[in-house]
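Counting convention: from 1, in listed order, for ligands and their atoms alike.
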Amino acid sequence: MVEFDTDVIVIGAGPAGASLAGYLRKAGATACVLEREVFPRFHIGESLLTMSIPRIASLGLDLAKAPYAKHKPGAYFHHDDSGENLRIDFSHALSGSFPYAYQVERQYFDHDLAECARALGADVRYGVEVKGWSEDQRGVSVTGEFGSLRGRYMIDATGQHAIFGRRRRTMDALDRFGQCASFSTFGNVSSEFAQRHVGNGDITILLIDGGWVWLIPLPEGRVSVGVVEKSPKAGTTAEDVLLGTLAQSPFLAPFFAGAERIAPIRRITNYSYYNLEPNTARCGTVGDACAFLDPIFSSGVTVAIATAELLAGEIVAALRGDRELRLDEYKRTCQKGYVTFDRLIERFYRPDWVRNVFFASNREDRLVREFTSILAGDVWRDDNGIQQMLINARAPGRKLAGKSS
Ligand SMILES: Cc1cc2nc3c(=O)[nH]c(=O)nc-3n(C[C@H](O)[C@H](O)[C@H](O)COP(=O)(O)OP(=O)(O)OC[C@H]3O[C@@H](n4cnc5c(N)ncnc54)[C@H](O)[C@@H]3O)c2cc1C
């Protein structure tokens, strides 16, 4: 009798799970991905950072040819009240940072990435929900209505569902960041004002009283828009917040003139957290199941894919040694990325810092490049002075660093 159905059971076929399975296959391990939804399915989070692009290509997906992808050369930040602004051009980063990214309609992107994992040999199963698991000294058995499956290792890539951390009660919510996002998609966004700001493919981040707004251009005149509130007002609906903000903002009203809403208005709340004990001897977490921070810098998918590559390397080393996982180094590397974005996001919610530091003009070229590399998601290098400064800055609280298991 064969003891294991597969080397690695990956739960969830979002960007984290799909890329992990792809990397595992490329390294010669077998992987079975169990995804509860039938793809394509809606997902928020359309704006990629540049450092994800070579990795996505290495997994077999060429976004230059994808009809759901829009070229993204930079990011434009605009203060709604004062009109102060700053444009980041991704081609003006430190040497080695990839120069451009894409914005993608996630239902198609996620599906294609999962199918790339399948093309690499992963066993990808849709409509299969994992309900439980048990870990023993030799492996992990997962269960659900499908029956059971046994692997040498199990990785939780279930995104915000984070089944591993929630069941083990190791999730630590962060209340320092935005708490509530109300969002939708508009079509026929063709005003001259909109063209001026997102016509070249830049993401626009608009800073408003009490939060910020994303404007993510997608193919064929579609734009994803979301309002993030730091302290949501009790009793307001997602419609109140999104449509009210669009009507009142001097930037957004002309932007959406003549446009029509083509998707439901959705809301997500309380989405920032760390999993304080994300890994065990036979199980690990990757992507949002490990941690998620406020999406202002669009870091989620890029960090998920980059850390999936690292995790695949650790799993394959364990497989070769026929041993348990040793994920301390993986955890430290993940934390370097998370801490960098955490400290930057935390500053972004300080109005004085934004006015006096972020929007300050006449920066030295080196500083511009360092900052751009961070916003490109190039956060695992050792020559970035701004990143070092952020990492060494005083932690806002215990919750940032987590336990060091
Ligand atoms: C408001 C908001 C805006 C965002 N904007 C951006 C952005 O612009 N750019 C960006 O990069 N990121 C953004 N993000 C974050 C981004 O969406 C996530 O970081 C990214 O989707 C993480 O990928 P993942 O694979 O870890 O999780 P997911 O993409 O969520 O995938 C997890 C998968 O697991 C499946 N699953 C869950 N439970 C089970 C189960 N029990 N059994 C089987 N399958 C299961 C789910 O169906 C899902 O398909 C945003 C997030 C929010 C909340």
Side-chain angles (χ1 to χ4, degrees), residues 9-21 32-52 56 72 75 101-107 109-111 113-114 117 124-133 142-146 149 154-164 166-167 177-184 203 205 211-216 218 224-229 238 266-273 275 285-308 311 338 341 377:
I9 298 170
V10 180
I11 314 176
S19 54
L20 175 67
C32 179
V33 185
L34 304 177
E35 164 57 54
R36 72 176 193 170
E37 303 283 339
V38 176
F39 279 18
R41 55 88 179 94
F42 174 82
H43 204 295
I44 195 59
E46 300 100 333
S47 197
L48 305 181
L49 301 184
T50 75
M51 294 309 283
S52 67
I56 291 165
K72 173 186 170 186
Y102 290 92
Q103 300 168 119
V104 293
E105 288 170 295
R106 282 286 302 275
Q107 63 268 43
F109 169 74
D110 288 14
H111 194 197
L113 202 58
V124 181
R125 305 183 193 177
Y126 300 109
V128 175
E129 180 170 12
V130 171
K131 296 246 169 87
W133 72 90
V142 303
T143 51
E145 281 176 15
F146 60 92
L149 204 69
M154 178 195 92
I155 302 299
D156 178 7
T158 60
Q160 299 255 332
H161 296 270
I163 61 170
F164 191 65
R166 293 196 195 281
R167 189 153 309 173
F177 303 147
Q179 296 294 305
C180 178
S182 305
F183 53 90
S184 187
I203 183 175
I205 301 292
W212 57 277
V213 178
W214 76 72
L215 295 162
I216 297 179
L218 299 167
S224 164
V225 54
V227 178
V228 174
E229 299 167 277
R266 297 178 164 98
R267 175 173 262 188
I268 297 183
T269 56
N270 302 328
Y271 36 73
S272 293
Y273 51 75
N275 184 341
T285 57
V286 67
D288 283 9
C290 184
F292 183 69
L293 308 178
D294 188 291
I296 188 159
F297 296 117
S298 308
S299 54
V301 171
T302 301
V303 170
I305 294 175
T307 52
L311 179 57
Y338 293 138
F341 281 108

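Of all the listed residues (His161, Arg36, Arg41), Arg36 holds the heavy atom that lies closest to atom 43 (C) of ligand 1. Here the shortest heavy-atom distance to atom 52 (C) of ligand 1, taken over Thr307, Ile296, Thr158, Ile44, belongs to Ile44. In this structure, of Gly12, Ala101, Ala157, Ala162, the residue bringing a heavy atom nearest to atom 32 (C) of ligand 1 is Ala157. Summarising the contacts of atom 29 (O) of ligand 1 with Gln103, His43, Glu35, Arg267, the nearest heavy atom is found in His43.
Closest non-hydrogen pair, Ser47 versus Lys72, comes out as OG-NZ, 2.8 Å.
The existence of a salt bridge linking Lys131 and Glu145 is confirmed by a sub-4.0 Å separation between a basic side-chain nitrogen and an acidic carboxylate oxygen.
For the pair Arg106 and ligand 1, the shortest N or O to N or O distance falls below 3.5 Å. Among the atoms of Ala289, none of the N or O lies under 3.5 angstrom from an N or O of ligand 1. Every N/O-N/O distance between Glu37 and ligand 1 stays at or above 3.5 Å. Taking distance alone, with nitrogen or oxygen atoms compared against 3.5 Å, Ser299 stays at or beyond that limit from ligand 1. Residue Val130 has at least one nitrogen or oxygen atom sitting less than 3.5 Å from a nitrogen or oxygen atom of ligand 1, judged on distance alone. Taking any N or O of Ile268, backbone or side chain, none lies under 3.5 Å from an N or O belonging to ligand 1. No N or O atom of Gln160 sits closer than 3.5 Å to an N or O atom of ligand 1.
Among all non-hydrogen protein atoms, the one lying nearest atom 10 (C) of ligand 1 is Ser47 O, 3.5 Å. Of the protein's heavy atoms, Gly45 CA, 3.1 Å lies nearest to atom 6 (C) of ligand 1. In this structure, the protein non-hydrogen atom closest to atom 11 (O) of ligand 1 is Val301 N, 2.8 Å. In terms of protein heavy-atom proximity, atom 2 (C) of ligand 1 is nearest to Pro295 CG, 3.6 Å. Remark: minimum distance from atom 25 (O) of ligand 1 to any protein heavy atom is reached at Ala16 N, 2.9 Å. The nearest heavy-atom contact from the protein to atom 18 (C) of ligand 1 is Asp288 OD2, 3.1 Å. Protein heavy atom in closest approach to atom 15 (C) of ligand 1: Phe292 CE1, 3.2 Å. Scanning all protein heavy atoms for the shortest distance to atom 23 (O) of ligand 1 gives Pro15 CD, 3.6 Å.
Of the possible polar contacts, none joining the Thr302 side chain to the Met51 backbone as a donor-acceptor pair under 3.5 Å is found. Within the 3.5 Å criterion, the main-chain N or O of Phe42 finds no donor-acceptor partner in the side chain of Gln107. A donor-acceptor pair under 3.5 Å links the side-chain atoms of Arg106 to the main chain of Ile44, judged by distance alone. In this structure, the side chain of Arg167 does not engage the main chain of Ala162 through any donor-acceptor pair within 3.5 Å. Looking only at distances, no side-chain donor or acceptor of Ser52 sits under 3.5 Å from a matching main-chain atom of Leu48. Without hydrogens or angle criteria, Gln179 side chain to Phe177 main chain gives a donor-acceptor distance under 3.5 Å. When atom types are taken as modelled, the side chain of Arg36 and the backbone of Val128 share no donor-acceptor pair closer than 3.5 angstrom.
Here Glu46 contributes atom CD and Trp214 contributes atom CH2; the two are 7.0 Å apart, rounded to the nearest 0.5 Å.
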Can you check side-chain contact (heavy atoms from CB on, under 4.5 Å) on Cys32 and Arg125, steps first, answer last?
-> CA-CA 8 Å; Cys32 179; Arg125 305 183 193 177; 3.7 Å; yes
Mind running side-chain contact (heavy atoms from CB on, under 4.5 Å) on Phe183 and Val227 for me, showing each step along the way?
-> CA-CA 6 Å; Phe183 53 90; Val227 178; over 6 Å; no
Might you work through the side-chain contact (heavy atoms from CB on, under 4.5 Å) test for Ile9 and Leu34, ending with a clear yes or no?
-> CA-CA 7 Å; Ile9 298 170; Leu34 304 177; 4.0 Å; yes
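Less than 4.0 angstrom separates some heavy atom of Glu129 from each of these atoms of ligand 1: 41 (N), 42 (N). Annotation for ligand 1: atoms under 4.0 Å from non-hydrogen atoms of Leu34 are 43 (C), 44 (N). Near Phe39, the atoms of ligand 1 lying under 4.0 angstrom from a non-hydrogen atom of the residue are 49 (O). Each of the following atoms of ligand 1 lies closer than 4.0 Å to a heavy atom of Gly300: 10 (C), 11 (O), 12 (N), 19 (O). Counting atoms of ligand 1 from 1 in the listed order, those under 4.0 Å from a heavy atom of Trp214 are 1 (C). Heavy-atom contacts of Gly287 reach the following atoms of ligand 1: 26 (O) (cutoff under 4.0 Å). Every atom of ligand 1 with a heavy atom of Ala181 under 4.0 Å away is listed here by number and element: 1 (C). Heavy-atom contacts of Gly159 reach the following atoms of ligand 1: 26 (O), 27 (O), 30 (O), 32 (C) (cutoff under 4.0 Å).
In this structure, Leu49 does not count as a contact residue of ligand 1, since none of its heavy atoms falls inside 4.0 Å of the ligand.
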Pair up each side-chain donor or acceptor in residues 288-299 with any protein partner under 3.5 Å, not counting sequence neighbours, and list the distances.
{"from": "Asp294", "atom 1": "OD1", "to": "Ile296", "atom 2": "N", "distance (Å)": "3.0"}
{"from": "Asp294", "atom 1": "OD2", "to": "Gly178", "atom 2": "N", "distance (Å)": "2.8"}
{"from": "Asp294", "atom 1": "OD2", "to": "Tyr349", "atom 2": "OH", "distance (Å)": "2.5"}

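Of the N and O atoms on the side chains of Trp133 and Thr143, not one donor lies less than 3.5 Å from an acceptor on the other residue.
Residues satisfying the ring pair (Phe, Tyr, Trp, His ring centres under 6.0 Å) criterion with Phe146, sequence neighbours excluded, are absent altogether.
Contacts with ligand 1 closer than 4.0 Å are made by no heavy atom of Ile203, backbone or side chain. At a 4.0 Å heavy-atom cut-off, ligand 1 touches Val128 through the backbone alone.
Relative to the ring axis of Tyr126, Arg41 does not place its NZ or CZ within 45° and under 6.0 Å from the centre.
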